[in-house]
Amino acid sequence: MGTTILQRIQMRVLICMLGFSSFSCFAQDGFEIKGQMAGLNQPSMAYLYSFDKGRNLLDSAVVTNGKFTFKGKVKHPLSASIQIKKIRKSLSFFLENENYKILMYPDWKDKDSISGGKEMRIQQAYEAETAGLSAQMRELGKQYEKLSKEERIKEGEALNELNAKRSAIDEKYIRKYPASLAVLHIMRPQFDVMNFKELKEMKALFSPELAYSDVYARLTELYQKKQAEFLVGQQAPDFTLSDATGKSFSLSSLKGKYVVVDFWASWCTPCRAANQKIKPIYAKYKGKGFDMVSISMDDKKDLWDAAVKKDGLPWHQVSGLTGIKDCPVAKKYSVTSLPTVFLLDKTGKVIAQNISERELEELLEANLN
């Protein structure tokens with residue numbers, strides 16, 4: 001005999017009670033926030049704000065004996081915050097249709113606590129996993145200013161290793177939670193310093209379900225801007241700059257060879273480290289139809305000269321000594337961060353951009369051997 005509707009409902013309830021299901025048995029229709037401001041004994045007001053395309057007041061609640069409650073419903077997860085009247089400190093979190101328990105403190109030295117919400121659990125897990133790396137990176141940052149330029153290069157390598165580990169964790173979280181607003185917000189500070197290749201890879205990992213978010217809109221905007229500036233497939237803009245002796249050098253003089261155009265600076269630690277990795281590649285292919293020109297973004301000739309001499313750079317070195325912001329060649333190539341590397345073919349067309357030393361060697365091996 002088949003089961004009745006009532007029997008099926010009762011069976012589902014029993015399964016939930018026994019904990020056999022790893023998912024929520026009943027979808028929650030709305031959110032409830034139960035909060036408390038420690039040490040607040042007088043009546044006050046609590047305000048719930050969202051930050052979806054600007055700061056918007058969602059609700060307000062009376063605070064009695066330090067306690068307050070918010071109830072409501074949202075269409076999708078939101079970046080939100082709670083603020084108590086006349087207390088400057090606020091609590092930021094991700095708001096979903098779930099239950100939350102919040103304990104706030106008026107003093108910044110005391111850490112607020114929050115439980116509830118899938119997005120908050122994702123953020124808390126990420127912060128726990130990266131806490132050790134973050135601490136190491138902060139310690140390196142403190143030491144950096146005390147080091148000589150040469151010691152900074154070595155420390156830059158250590159920092160690159162930590163960044164690589166952090167990037168691996170970042171990618172793991174994006175792949176695991178591609179529609180997570182929390183993960184999108186965690187990655188947001190990186191967007192502005194990413195090149196087109198990096199933005200393209202990151203955007204492809206995130207789900208279009210996040211299109212409602214202004215952070216996703218910013219990612220898309222930057223992606224489109226960088227895409228328009230991407231030079232692969234185009235003729236490399238010609239330029240003429242002076243070398244260290246004052247002699248003029250033009251990019252067009254290298255036509256007929258595969259050419260690396262490298263933007264760097266003496267103060268750029270990753271650039272200095274990259275120089276040492278490129279030197280053996282240059283030595284291997286320089287007699288096979290390959291050449292290089294590095295354009296320094298320095299604004300002081302003595303620092304530029306000293307770095308070239310110290311690093312023992314044998315290829316063409318030029319500069320306008322204007323700094324990166326005022327360099328007309330950097331503007332032609334849409335260079336905003338260092339190092340930035342372009343590979344040109346024999347006709348002067350850009351065939352690769354923002355590539356690693358390993359990728360450069362693979363391309364030269366394929367085209368020159």
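In what follows, residues are counted from 1 in the order of the sequence shown.
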Exercise. Is a side-chain donor or acceptor of Glu96 paired with a backbone partner of Lys118 at a separation under 3.5 angstrom?
Worked result: yes
Problem set entry | Check: Trp267 main-chain N/O paired with Arg272 side-chain donor or acceptor under 3.5 Å | no
Exercise. With a 4.5 Å heavy-atom cut-off, do Ile82 and Phe68 have their side chains touching?
Worked result: yes
Exercise. Is it the case that one hydrophobic cluster holds both Val215 and Ile122, taking links as side-chain heavy atoms less than 4.5 Å apart, direct or via other members?
Worked result: yes
Exercise. Is there a donor-acceptor pair closer than 3.5 Å between any side-chain N or O of Glu119 and the backbone N or O of Ala182?
Worked result: yes
Exercise. Hey, are Glu361 and Arg358 close enough for a salt bridge, meaning a charged N less than 4.0 Å from a carboxylate O?
Worked result: no
Problem set entry | For the student: nearest non-hydrogen atoms of Ala236 and Val350, plus distance | CB-CG2, 3.8 Å
For this session: Applying side chain to side chain contact (heavy atoms under 4.5 Å, CB included), run through Met45 and Val62 and close with a yes or a no.
Result: CA-CA 5 Å; Met45 292 294 296; Val62 174; 3.9 Å; yes
Problem set entry | Rounded distance [0.5 Å steps], CD1 in Ile186 versus CD in Gln123 | 5.5 Å
Exercise. Any link between Leu241 and Leu321 through a network of hydrophobic side chains (Ile, Leu, Val, Met, Phe, Trp, Tyr) touching at under 4.5 Å?
Worked result: no
For this session: Just say parallel, tilted or perpendicular for the rings of Tyr49 and Phe51, cut-offs at 30° and 60°.
Result: tilted
Exercise. Parallel under 30°, tilted from 30 to 60°, perpendicular over 60°: which one fits the rings of Tyr333 and Phe239?
Worked result: perpendicular
Exercise. How many angstroms lie between CE in Met104 and OG in Ser90, if you round to the nearest 0.5 Å?
Worked result: 6.5 Å
Exercise. Ignoring hydrogens and geometry, is there a side-chain-to-backbone donor-acceptor pair from Ser253 to Ser250 under 3.5 Å?
Worked result: yes
For this session: Answer yes or no: is there a donor N or O on one side and an acceptor on the other, between the side chain of Lys346 and the main chain of Gly289, under 3.5 Å?
Result: no
For this session: Show the numbers, then the answer: is there a side chain to side chain contact (heavy atoms under 4.5 Å, CB included) between Arg166 and Met137?
Result: CA-CA 10 Å; Arg166 180 72 168 262; Met137 292 169 81; 4.1 Å; yes
Exercise. Hey, any chance Ile84 and Leu58 share a hydrophobic cluster, counting ILVMFWY side chains that come within less than 4.5 Å of each other, even indirectly?
Worked result: yes
Exercise. Is there side-chain contact between Ile324 and Phe263, with heavy atoms separated by less than 4.5 Å?
Worked result: no
Exercise. For the atom pair CE (Met297) and OG (Ser266), what is the distance rounded to the nearest 0.5 Å?
Worked result: 11.5 Å
Exercise. Should we say atom CG of Asp59 is surrounded by more than 12 heavy atoms from elsewhere, each under 6.0 Å from it?
Worked result: yes
Exercise. So, do His76 and Leu181 sit near enough that their side-chain heavy atoms are less than 4.5 Å apart?
Worked result: no
Exercise. Is a salt bridge present between Lys247 and Asp243, judged by a nitrogen-to-oxygen distance below 4.0 Å?
Worked result: no
Exercise. Under a 4.5 Å cut-off applied to non-hydrogen side-chain atoms, are Ile278 and Glu357 in contact?
Worked result: yes
Problem set entry | Lys332 atom NZ, over 12 foreign heavy atoms within 6.0 Å | yes
For this session: Please indicate whether Glu209 has more than 12 foreign heavy atoms, meaning atoms of other residues, nucleotides or ligands, lying under 6.0 Å from its CD.
Result: no
Problem set entry | Sidechain-backbone polar pair: Asn97 side chain, Val74 backbone, donor-acceptor under 3.5 Å | yes
Exercise. Which heavy atom in Tyr212 sits nearest to a heavy atom in Lys53, and how many Å separate them?
Worked result: O-NZ, 2.5 Å
Problem set entry | Steps toward side chain to side chain contact (heavy atoms under 4.5 Å, CB included) verdict (Met194, Met187) | CA-CA 11 Å; Met194 282 182 160; Met187 303 304 152; over 6 Å; no
Problem set entry | CG on Asn367 to CG on Asp345, rounded to 0.5 Å | 8.5 Å
Exercise. More than 12 foreign heavy atoms under 6.0 Å from NZ of Lys85: is that the case here?
Worked result: no
Problem set entry | Main-chain N/O of Leu78 paired to Asp52 side chain as donor or acceptor, under 3.5 Å | no
Problem set entry | Under 3.5 Å side-chain donor-acceptor pair for Asp298 and Ser296 | yes
Problem set entry | Shortest non-hydrogen separation from Leu95 to Leu48 and the atoms involved | CD2-CD2, 4.2 Å
Seminar exercise, completed: Distance col, row Lys279:NZ vs Leu313:CG, nearest 0.5 angstrom, shows 6.5 Å
For this session: List the steps, then state whether salt bridge (charged side-chain N to carboxylate O under 4.0 Å, His left out) holds for Lys301 with Asp305.
Result: CA-CA 6 Å; Lys301 188 175 186 299; Asp305 285 343; 2.7 Å; yes
Exercise. When clusters are formed by joining ILVMFWY residues with side-chain heavy atoms under 4.5 Å apart, either directly or through shared neighbours, do Leu254 and Trp264 land in the same one?
Worked result: no
Exercise. Which pair of heavy atoms, one from Asp29 and one from Lys73, lies closest together, and at what distance?
Worked result: OD1-NZ, 2.6 Å
Problem set entry | Basic-acidic side-chain contact under 4.0 Å: Arg218, Asp192 | yes
For this session: Find out whether Asn195 and Lys226 are in side-chain contact, i.e. whether some heavy atom of one side chain is under 4.5 Å from a heavy atom of the other.
Result: no
For this session: Just do the side chain to side chain contact (heavy atoms under 4.5 Å, CB included) check on Tyr282 and Leu360 with the steps written out, would you?
Result: CA-CA 10 Å; Tyr282 175 76; Leu360 170 61; over 6 Å; no
Problem set entry | Shortest non-hydrogen contact between Gln83 and Ile87, atoms and distance | NE2-O, 3.3 Å
Exercise. Can you find a heavy atom in the side chain of Met120 that is under 4.5 Å from one in the side chain of Ile114?
Worked result: yes
Exercise. Just wondering, more than 12 heavy atoms not from Lys197 lying within 6.0 Å of its NZ?
Worked result: yes
Exercise. Between Asp107 and Lys109, is there a donor-acceptor pair closer than 3.5 Å when you use the side chain of the first and the backbone of the second?
Worked result: yes
Problem set entry | Distance in Å, Glu362 CD paired with Ile281 CD1, rounded so as to fall on 0.5 Å steps | 10.0 Å
Exercise. In terms of heavy-atom contacts, does CD of Gln42 have more than 12 from other residues, nucleotides or ligands at under 6.0 Å?
Worked result: no
Problem set entry | Beyond-backbone contact of Phe290 with Lys284, side-chain heavy atoms, under 4.5 angstrom | no
Exercise. Side chain of Gln353, backbone of Leu231: donor and acceptor closer than 3.5 Å?
Worked result: yes
Exercise. Should Leu103 and Leu91 be regarded as members of a common hydrophobic cluster, given that ILVMFWY residues are connected when their side-chain heavy atoms come within less than 4.5 Å of each other, either directly or indirectly?
Worked result: no
For this session: Would you please test Tyr285 and Tyr258 for ring-ring contact (aromatic ring centres under 6.0 Å, His included) and show each step?
Result: CA-CA 10 Å; Tyr285 293 98; Tyr258 279 82; over 10 Å; no
Exercise. Are Gln224 and Thr220 close enough that some pair of their side-chain heavy atoms sits under 4.5 Å apart?
Worked result: yes
Exercise. Taking everything shown except Lys89 itself, do over 12 heavy atoms lie less than 6.0 Å from its NZ?
Worked result: yes
Exercise. Angle class for the Phe196/Phe230 ring planes (parallel below 30°, perpendicular above 60°, tilted otherwise)?
Worked result: tilted
For this session: Quick one: closest heavy-atom pair of Ile351 and Val232, and the distance?
Result: O-CG1, 4.0 Å
